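Order of the sequence lines fixes the chain letters, A, B, ..., with proteins taken first and strands second; residue numbering starts at 1 for each chain. Values in this document were obtained by computation on a predicted structure and should not be read as measured data.
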Amino acid sequence: MNNAPESGAKTTNFIHQIVENDLMEGRNNKRIHTRFPPEPNGYLHIGHAKAICLDFGTAEKYGGKCNLRFDDTNPSKEDQEYVDSIQEDVRWLGFDWEDRLYYASDNFDKLYEFAVELIKRGKAYIDDQPADVISEQRGTPTRPGIESPYRNRSVEENLMLFEKMKAGEFPNGHCVLRAKIDMASPNMHMRDPLMYRIIHAEHHRTGNKWSIYPMYDFAHGECDYFEGITHSLCTLEFEIHRPLYDWFVNELATSEYRPRQIEFSRLNLTYTMMSKRKLLQLVEEKLVSGWDDPRMPTICGLRRRGYTPESIRNFVEKVGITKTEGIIDVALLEHSVREDLNKTAQRVMGVLNPIKVVITNYPEGKVEMMEAINNPEDESMGTRQVPFTRELYIEREDFMEEPPKKFFRLSPGAEVRLRYAYFITCNEVIKDEQGNITELRCTYDPASYGGNSPDGRKVKATLHWVSATENVEAEIRLYDRLLMVQDPSEYKDVDFRDMLNPESLKVLKKCYIEPFVYNAKPLSHFQFERMGYFCVDTSSTTEKMVFNRTVSLKDTWAKQQNQ
RNA sequence: UGUCCUGUGGUGUAAUUGGCAACACGCCUGACUCUGGAUCAGGAAAGUGAAGGUUCGAGCCCUUCCAGGACAACCA
């Protein structure tokens, strides 16, 4: 009964139903053991987050375990840098593999032994033909392949050649080890698939010990078996590999235990590119500042952008697990952060595009501390003091000299509230020679101290503001979608670099934030009231603070404007 | 001229395994508000890829068809 799903468990999906059914039938002694098997050849992205939540989440839900396993069978592409970043990202997302950190390379010896065993059983052979000939003989999806002339070599000769391959006596590509299955199979993957190839390269863990490395199809299922995995969850493109996965596992199995591969659809997001290759290209060609550029869909990019682990986990939960291939609206991701940050983020006032306001009837040199609520959604976060002075900054967009009917912010003659401070009325607009507004002259009502209205007078708008003298000057980076097209997969023949949004990054150099943010730690979250959620950038210093806009607040006024 | 997989509002996911198609995002109204945020109330939007069949009754079962995707790396 301890394998039963916890009460209050969230959503279910077809994989959980399979798991529950396996549990009911008593498969594999009612053990549930999953694994997350990244190849360390790039940084993790939001698509991996889906897999991570599924792998670790399923184990957690059914009282099982989940391993972290690096699928490091190709030394020419893999690197320790990626091994490190992947662990950091999985941990940051909130998952724990305890002492179960594994590498496919842990099993290189066992894999070799097993390959030898298959040769002895007459189920594997060395093929001396070059890659293009083997490829040619494989046929096409609609036409069967033909057998290699080396297919029926003697076991002794195969053993001897395999030994030489291992000993490094052959150059790259000289020969390969193939499983002997069925060259006429309608499934291309069963047409004598490669098991080992020669790669003379230094491996990040085994160094120069090996000159042959196992292929994915051979290594993956066997590693699952060695680790006692029961449910091997992967994406749809491996569906057609499943018969081969089962073939290798059945050859190896010595008991009733069997790992089982189940496929689900990968995550696609609108205006987002998820291919590792292209993300690598963005980094290498310096089209972005790095893997953690806040515009990147990588976990580290999202983290630097200000996304929280909770928001990503909730997002994945909402997306669900199925086998249908679709594309999720980024708006759902954005909704997930807003939902989380609304409940948790410290409120603060910050002006991104400042225009000066002088309160002409307010004493020069006076500084009043106004009490402000830190988070109206969470009273326990308390209040803070915000300095108010004669000269202030407000948002340029909050003033219009000739306001349209539905604009109820500041305009000549209009009265608005400065949040937590006073009601002010604009009396005069100062402009430079070019006609640009440089300053607004206003008067305040002392009776409205704190932003209250003792006489019950209503104002239609409340504006955020920052003292022109008591503030933190900061740089603020605004991000927009990296791609201009909603679904890049519809433009397969277009170079993705031509689809990049040239305005994906806007840097605002002189922004003013209330003093509260001074010294805030990198990656801390704030809501700049009325503007959005912001996060202290990792490059931020006390001398020069830098903020990233995670996501804007919903803005019904802006929406009306666009109509 | 193959094998495997997938078709439910704009998007994503559900439907007690045959019983009035639900939820979320997005969109639109309105209320409230010291954030044009949040919250609250309401609305538009699919008849389930198509056609047949079984049944009192089909998104769920059967048949045929259509559309889309995956598979021919010494990548994973």
First of A:L194 and A:P141 reached from the 5' end of RNA chain B, by closest nucleotide: A:P141

Pairwise C1' distance, B:G47 and B:A15 [rounded to whole Å]: 14 Å

Test item: side-chain donor near acceptor, A:E529 and A:Q527, under 3.5 Å: no

Heavy-atom neighbours of A:E25 CD exceed 12 at 6.0 Å: yes

Near-parallel close stack of A:Y216 and B:A76 base (under 5.5 Å, under 30°): no

A:E136 CD: over 12 foreign heavy atoms closer than 6.0 Å: no

Row check, A:Y103 ring normal vs A:R205 NZ/CZ: under 6.0 Å, within 45°: yes

Polar side-chain contact A:R347-B:U35 base: donor and acceptor under 3.5 Å: yes

Short side-chain N/O contact from A:R197 to OP1 or OP2 of B:C75, under 4.0 Å: yes

Under 3.5 Å on both distances, the Watson-Crick or G-U partner of B:U29: B:A41

Touch class at under 4.0 angstrom, heavy-atom based, for A:F408 against every strand present: base

Side-chain donor-acceptor pair present, A:S105, A:N107, cut-off under 3.5 Å: no

Distance test, side-chain N/O of A:K554 to OP1/OP2 of B:A38, below 4.0 Å: yes

Nearest listed nucleotide, side chain of A:P186, among B:U35, B:U3, B:G36: B:U3

Side-chain donor-acceptor pair present, A:N268, A:E325, cut-off under 3.5 Å: no

Nearest-neighbour nucleotide for the A:E237 side chain, B:G2, B:G37, B:A76 considered: B:A76

Minimum side-chain heavy-atom gap A:H48-A:P38 below 4.5 Å: no

Per A:I328 side chain, nearest of listed nucleotides B:A38, B:G26, B:G12: B:G12

Base paired to B:A58 (Watson-Crick or G-U; both N/O distances under 3.5 angstrom): none

Nucleotide nearest A:Q17 when distance is taken to its side chain, options B:U35, B:C5, B:A15: B:A15

Side chain A:R530 and base B:G36 donor-acceptor under 3.5 Å: no

C1' spacing across the pair B:G68 / B:A73, given as an integer number of angstrom: 25 Å

Contact under 4.0 Å: A:S185 side-chain N or O vs B:U3 OP1/OP2: no

G-U wobble or Watson-Crick pairing nucleotide for B:G68 (cut-off 3.5 Å, both distances): B:C5

Closest to the A:D71 side chain, choosing from B:U35, B:C25, B:A76: B:A76

Whole-angstrom distance between B:U16 and B:A21, as gauged at atom C1': 14 Å

A:M370 side chain reached by A:Y422 side chain, heavy atoms, under 4.5 Å: yes

Touch class at under 4.0 angstrom, heavy-atom based, for A:R242 against every strand present: nothing

A:H189 vs B:C71: side-chain N/O to OP1/OP2 distance below 4.0 Å: no

Touch class at under 4.0 angstrom, heavy-atom based, for A:P130 against every strand present: base

Distance below 4.0 Å between A:T324 side-chain N/O and B:G12 OP1 or OP2: no

Listed nucleotide nearest any side-chain atom of A:T322, set B:U13, B:C75, B:U35: B:U13

Sugar-phosphate only, base, or nothing, as touched by A:L463 at under 4.0 Å among non-hydrogen atoms: nothing

Sugar-phosphate only, base, or nothing, as touched by A:Y420 at under 4.0 Å among non-hydrogen atoms: base

Between B:A46 and B:A22 - P atom distance, rounded Å: 12 Å

Span that lies between the P atom of B:A50 and that of B:G59, in whole angstrom: 11 Å

Sugar-phosphate only, base, or nothing, as touched by A:S76 at under 4.0 Å among non-hydrogen atoms: nothing

Options B:A76, B:G37, B:C71, nucleotide nearest the side-chain atoms of A:M188: B:C71

C1' gap between B:U54 and B:C62, integer Å: 7 Å

Proximity to the side chain of A:K77 - top-ranked nucleotide from B:C75, B:A24, B:A72: B:C75

Sugar-phosphate only, base, or nothing, as touched by A:D217 at under 4.0 Å among non-hydrogen atoms: nothing

Whole-Å distance separating the CD atom of A:E39 from the C1' atom of B:A73: 13 Å

Sugar-phosphate only, base, or nothing, as touched by A:P376 at under 4.0 Å among non-hydrogen atoms: base

Sugar-phosphate only, base, or nothing, as touched by A:Y533 at under 4.0 Å among non-hydrogen atoms: nothing

Phosphate contact (B:G26 OP1 or OP2) by A:K559 side-chain N/O below 4.0 Å: no

Whether A:H241 and A:H189 hold their rings parallel, tilted or perpendicular, with breakpoints at 30° and 60°: tilted

Closest listed nucleotide, where the reference is the side chain of A:L332 and the choices are B:A24, B:A76, B:A70: B:A24

Residue closer to the 5' end of RNA chain B, A:H220 versus A:G326 (nearest nucleotide): A:G326

B:U11 OP1/OP2 closer than 4.0 Å to side-chain N/O of A:T270: no

N/O (side chain, A:S265) to phosphate O (OP1/OP2, B:U6) under 4.0 Å: no

Touch class at under 4.0 angstrom, heavy-atom based, for A:Q129 against every strand present: base

Atom P, compared across B:G69 and B:G57: separation rounded to whole Å: 38 Å

For B:A51, the Watson-Crick or wobble counterpart (both distances under 3.5 Å): B:U63

From B:A15, B:A72, B:C5, nucleotide with atom closest to A:E239 side chain: B:C5

A:Y196 and A:F218 aromatic centres sub-6.0 Å: yes

OP1 or OP2 of B:G2 under 4.0 Å from side-chain N/O of A:R143: no

Complement of B:U13, any strand, by Watson-Crick or G-U distances under 3.5 angstrom: B:A22

Integer angstrom distance from the C1' of B:G49 to that of B:U35: 46 Å

Watson-Crick/G-U partner (both atom distances under 3.5 Å) of B:A73: none

Chi class for B:U8: syn within 90° of 0, otherwise anti: anti

Contact under 4.0 Å: A:R138 side-chain N or O vs B:C74 OP1/OP2: yes

